[in-house]
Structures are given as C-alpha cells and as structure tokens.
Visitor: 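Sharing a structure, written as structure tokens. Questions coming.
This structure is a prediction, so every number in the text was calculated from the model and none was measured.
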Amino acid sequence: MNHFDYRDGTLHAEAVPLAEIAARVGTPFYCYSTATLEHHFRVFAAALATAGLDATVCFALKANPNIAVVRTLAALGAGADVVSEGELRQALAAGVPPARIVFSGVGKTRHELEFAVAKGILQINVESEPELLALSEIAAARGVRMPIALRVNPDVDAGTHAKITTGTKENKFGIEWTRAHEVYRRARDLPGVEVVGVACHIGSQLTDLEPFRAAFLRVRDLVAILKADGFAIRRLDLGGGLGVPYDDGTEPPPHPDDYARVIATTLGDLGCRIVVEPGRLLVGNAGVLVSRVVYLKEGATRTFVIIDAAMNDLVRPAMYEAYHHILPVREADPQAPCALKDVVGPVCETGDTFARQRPLPPLASGDLLAMCTAGAYGAAMSSSYNSRPLVPEVLVKGDRFAIVRARPTYEEMRAFESLPDWL
Ligand code: LLP
C-alpha cells in the first residue's frame with residue numbers, strides 16, 4: 001500500500017505531481033510519502049498490539065536514515081535500531097529518545113560503545129565475547145551496568161538472497177547458538193553489563209513466516225534454559241526482516257498480522273517485552289526514485305532506455321539482482337503497445353542496469369520514470385561513484401513537499417579532498 005498514484009494522467013506523491021518536484025529539484029531524486037510512512041508504522045504497530053504483545057518498534061535506520069523520515073516515524077512512537085555511531089547520532093538528532101534505541105552490529109568499536117553507554121540507550125545487542133568484555137570494561141569504568149541482550153545465531157536459513165541472509169552458522173552474525181548459554185554465564189559475572197534479553201535477526205526481505213517461527217522457537221528454548229539458570233530475561237529483540245512486495249509477480253510477503261501472530265504463538269506467554277527492528281517494511285514502499293530518460297538507443301538486439309539515475313543512486317538491482325517496478329510519470333496511453341526494453345544508467349559498468357527486457361510503454365528522451373519501492377536501502381546505500389553527486393531527497397505531506405537532503409555541489413563534493421604538498 002502506498003500513496004503514489006496517477007491523478008489526471010500524471011504520477012503524484014500524495015497530492016504533489018512528481019513532475020513538479022522534478023522541475024524544482026532536478027533529476028534524479030528520491031521522493032518519500034509521509035502518509036505511506038505513517039500508514040506502514042500504524043499497521044505494523046497495530047498488528048503487534050492486536051496480537052496482545054507488549055512491543056517496541058525500533059525502526060532500523062540502515063534502511064533510510066534521513067532525519068525527516070526518522071522524525072516522522074519517531075513522532076508516531078517509533079524507537080530506533082542503529083548499527084553505528086553515525087546512526088545513533090542521527091536517531092538522537094531526529095528526536096528518538098535514548099530509552100527507545102537499541103544498538104546492533106557485529107563490529108562496534110570501543111569508541112562507539114563508549115558513546116552508546118554515555119547516551120544511556122535502551123540496550124546493546126552484543127554479538128561476540130570480545131565485544132562483551134570490551135563493553136563491560138567501558139561501562140564499569142563509568143560506573144554503570146549496561147543493559148544487554150546477546151544476539152544469538154539460531155542457525156535458521158531465512159530463504160532470502162544470500163547477501164542478506166544473516167542467521168545461519170556460516171554467517172558472521174551473532175553468537176553461535178550452541179554456545180549461547182555459556183556466554184550468558186560469562187556475562188553474568190561481568191561488572192559492566194546487565195543481561196536483560198535475547199536478540200536475533202535472521203535476514204531481510206523474508207517472504208515466508210516459517211524461518212521466523214523456527215528462529216523464535218529456538219529463542220524460546222534458550223529463554224527456558226536461561227530462566228532455569230536464574231537469568232531474569234525480560235526483553236526479546238526479534239530483529240527485522242519482514243519483506244515487502246516489489247511487484248515482480250512473486251508471492252506477496254505475509255501481512256504484519258500474521259507475523260505478529262507467529263510472535264504471539266511462539267513467545268507471547270513468556271512475559272517478555274518484545275522489541276522488533278523493521279526497516280524495509282516501514283519505508284520501502286514509501287519511496288520512489290525519479291529519473292529522466294536521457295536517450296533511447298537501439299542496440300543490435302535490444303532497446304536501451306538510458307536514464308540519468310545510476311547504480312550509485314540505487315544499487316539494489318546491481319547488487320542483489322533486485323526487481324523494482326518502473327512507472328512512467330506521465331501515465332501511458334492504455335492503447336499504446338508495450339515493448340521489451342532494458343533500462344540502464346550512465347555508469348561505465350554493465351551492472352548499471354535497472355531492468356532487463358522489461359515491458360514498457362513508448363518513451364521519449366526527457367520523459368520521467370519512477371523506480372518504485374525504493375524507500376528502503378535506496379538513498380541509504382547510494383554513493384558518489386563516477387563522481388556523481390548524491391541525489392536529493394524530498395518528503396511529501398499532503399500537498400506540500402520539502403527537500404530533506406540537498407544535492408551537494410561539485411565544490412562541496414571536493415571539500416574533503418586536498419592535494420599533498422608535492423603536487
Ligand atoms: N536488524 C538488524 C540487526 C539488521 O541487520 C537488519 C537489516 C534489520 C534489523 C532490518 O531488516 P529489514 O526489516 O529492513 O529487512 N541492503 C539490503 C538489505 C540489508 C539488510 C541488512 N540488515 C537490501 O537492499 O535488500
């Protein structure tokens with residue numbers, strides 16, 4: 001569900017024509033819909049509440065750290081899941097209270113741990129013994145006991161793209177399932193940490209609930225073992241991962257209601273507060289990447305639609321063979337025949353391809369195209385490869401829009417570079 005629709009033959013974000021934004025900010029740009037962000041948060045939070053769960057929804061900033069996006073969600077009560085000092089600073093700047101922030105990640109530096117402890121966040125999800133020892137030392141030196149969960153690796157295959165599967169024993173994440181109890185015991189004896197929970201996250205863009213169920217049942221078993229051993233486990237952080245529809249004709253992902261029911265049936269009776277860390281689900285369908293057709297080129301075997309967005313702006317197709325639906329901003333004449341085309345960017349790599357042999361209506365140079373479901377891991381993963389400026393981000397609310405990240409100038413892009421004195 002989203003708020004990008006055709007009105008009077010032209011694609012709008014809520015009540016704003018995308019062409020109007022393009023005229024103001026230039027292309028390419030990301031555009032986010034406030035109504036869609038709010039809708040997704042409310043549906044997700046309501047699903048958890050309806051399932052009878054005492055839950056905190058911590059938005060995974062990695063999906064979209066834009067301050068206006070985070071503030072929009074924070075205003076509805078969202079917390080934050082962060083994986084770096086930068087994200088933690090971003091969450092705080094957006095107005096997320098420290099008491100609603102969890103810090104995940106496999107390689108938090110001592111400096112990052114110190115910063116998180118100093119800010120008094122809700123919890124740190126510890127992913128290894130060396131991290132546990134470092135954190136205890138840091139917190140003890142400040143005279144505090146930092147609330148922690150150990151992120152366990154349940155060895156469950158999420159059945160998603162290999163690059164975004166995180167919960168099998170071949171993955172770098174978490175503490176090996178079979179060793180978890182031993183590490184919990186170690187944590188108990190440390191002066192700077194207080195064990196409050198168990199955390200797990202098995203992967204992203206899951207379209208099947210069974211891997212969640214399997215992982216949650218393992219968490220349940222572990223909680224039983226820990227409670228029997230005297231641990232006061234009161235929080236379960238179940239990670240993120242619920243998929244979104246990318247409209248590629250594949251099976252739609254489960255509804256949040258069904259996801260919440262899986263949590264309730266596997267863990268609902270343990271008397272623990274549930275923390276979830278959705279990223280994509282909250283922001284994916286709330287964003288589009290708008291770009292302009294630069295040229296149409298007839299190749300030997302196919303037609304190339306060359307657009308002004310590239311893999312540096314949206315890397316998902318190049319990196320994960322991801323499908324993004326592509327809509328012409330000017331609504332296509334329903335009578336006009338679609339033809340198969342390749343949609344490509346200007347970057348000098350064959351991987352800079354958004355779609356291969358995609359049925360598209362007739363297009364001309366200058367036409368605008370919207371790449372859908374680009375609100376998650378779009379701008380967040382963008383770079384300035386090929387010395388292309390990061391694209392601006394725009395947030396729409398009703399009939400208003402605002403630039404929430406500006407396009408840098410070339411001078412700004414060069415500002416951190418300098419020549420050594422021998423040049
Ligand atoms: N929590 C942890 C510990 C995570 O590692 C992640 C995602 C999330 C929560 C949020 O997962 P989500 O609800 O968004 O699935 N760049 C890839 C996705 C990488 C996901 C990494 N971790 C993509 O574009 O598909």
Side-chain angles (χ1 to χ4, degrees), residues 40-42 44-63 70 73-74 76-83 87-88 91-92 96-106 108 116 119-127 135 146-154 166-167 173-175 180 184 187 193-204 206 212-213 215-220 222-223 226-227 231-242 256 259-282:
H40 286 323
F41 182 84
R42 290 200 173 107
F44 192 69
L48 296 164
T50 306
L53 297 165
D54 171 18
T56 304
V57 180
C58 291
F59 170 54
L61 255 76
K62 63 172 75 68
V70 181
L73 295 172
L76 300 176
D81 164 48
V82 303
V83 293
E87 282 191 358
L88 176 47
L92 293 169
V96 182
R100 298 178 80 80
I101 299 179
V102 296
F103 193 176
S104 309
V106 75
K108 307 173 200 81
K119 292 294 169 193
I121 65 171
L122 178 69
Q123 156 182 322
I124 294 184
N125 294 339
V126 173
E127 297 216 19
L135 175 59
M146 185 68 209
I148 62 158
L150 295 189
R151 174 169 173 186
V152 296
N153 184 327
T166 55
F173 299 96
I175 289 165
Y184 269 97
V193 294
E194 184 204 356
V195 172
V196 297
V198 177
C200 82
H201 168 80
I202 57 172
S204 195
L206 271 75
F212 283 120
R213 191 189 307 277
F216 298 165
L217 285 172
R218 293 212 140 171
V219 168
R220 181 183 180 84
L222 180 61
V223 171
L226 295 174
K227 281 190 171 170
F231 285 92
I233 299 298
R234 55 177 196 267
R235 237 180 257 155
L236 302 177
D237 181 338
L238 306 177
L242 189 56
Y259 169 77
R261 263 195 294 275
V262 170
I263 301 177
T265 52
T266 53
L267 301 166
D269 60 341
L270 297 182
C272 290
R273 179 161 157 210
I274 301 293
V275 175
V276 276
E277 306 171 348
R280 190 191 314 266
L281 185 82
L282 299 182

Visitor: Can a salt bridge be assigned to the pair Asp269 and Arg220 using a cut-off of 4.0 Å between side-chain N and carboxylate O?
Guide: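 The answer is yes: the pair qualifies as a salt bridge.
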
Visitor: Kindly say whether Cys58 contributes a backbone atom to a donor-acceptor pair with the side chain of Asp81 at under 3.5 angstrom?
Guide: no

Visitor: Measure the shortest side-chain to side-chain distance between Leu281 and His40 over non-hydrogen atoms and say whether it is less than 4.5 angstrom.
Guide: no

Visitor: Report yes if some heavy atom in the side chain of Leu122 is under 4.5 Å from a heavy atom in the side chain of Pro147; otherwise report no.
Guide: no

Visitor: Can you confirm whether the side chains of Ser104 and Arg151 place a donor and an acceptor under 3.5 Å from each other?
Guide: no

Visitor: If we ignore hydrogens and angles and just use 3.5 Å, is the side chain of Lys119 paired with the main-chain N or O of Ile101 as donor and acceptor?
Guide: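 Not a single qualifying donor-acceptor pair exists.
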
Visitor: Would you say that Val276 contacts Ile263 through its side chain, given a criterion of any heavy-atom pair below 4.5 Å between the two side chains?
Guide: yes

Visitor: Without swapping roles, check the side chain of Glu87 against the backbone of Lys62 for a donor-acceptor pair under 3.5 Å.
Guide: yes

Visitor: Should Arg235 and Glu194 be marked as a salt bridge (charged side-chain N to carboxylate O under 4.0 Å, His left out) after you check the CA-CA gap, both sets of side-chain angles, and the distance that decides it?
Guide: CA-CA 12 Å; Arg235 237 180 257 155; Glu194 184 204 356; over 6 Å; no

Visitor: Is the shortest side-chain heavy-atom distance between Val219 and Pro154 below 4.5 Å?
Guide: no

Visitor: Just jot down the side chain to side chain donor-acceptor pair (under 3.5 Å) partners of Thr56, sequence neighbours excluded, or say none.
Guide: Arg273

Visitor: Salt bridge (Lys or Arg N to Asp or Glu O under 4.0 Å) with Arg261: which residues, sequence neighbours excluded?
Guide: Asp258

Visitor: Do Asn125 and Glu127 pair up side chain to side chain, a donor and an acceptor below 3.5 Å, judged on atom types alone?
Guide: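 Side chains of Asn125 and Glu127: no pair found under 3.5 Å.
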
Visitor: What is the distance from atom NZ of Lys227 to atom CG of Leu270, rounded to the nearest 0.5 Å?
Guide: 5.0 Å

Visitor: Would you say Tyr259 and Phe44 make side-chain contact, with heavy atoms under 4.5 Å?
Guide: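 Yes. Closest side-chain heavy atoms under 4.5 Å.
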
Visitor: Supply the atom-to-atom distance Leu88 CG to Phe103 CZ, rounded to the nearest 0.5 angstrom.
Guide: 6.5 Å

Visitor: Does any part of the side chain of Ile148, heavy atoms only, come nearer than 4.5 Å to the side chain of Val195, both counted from C-beta?
Guide: yes

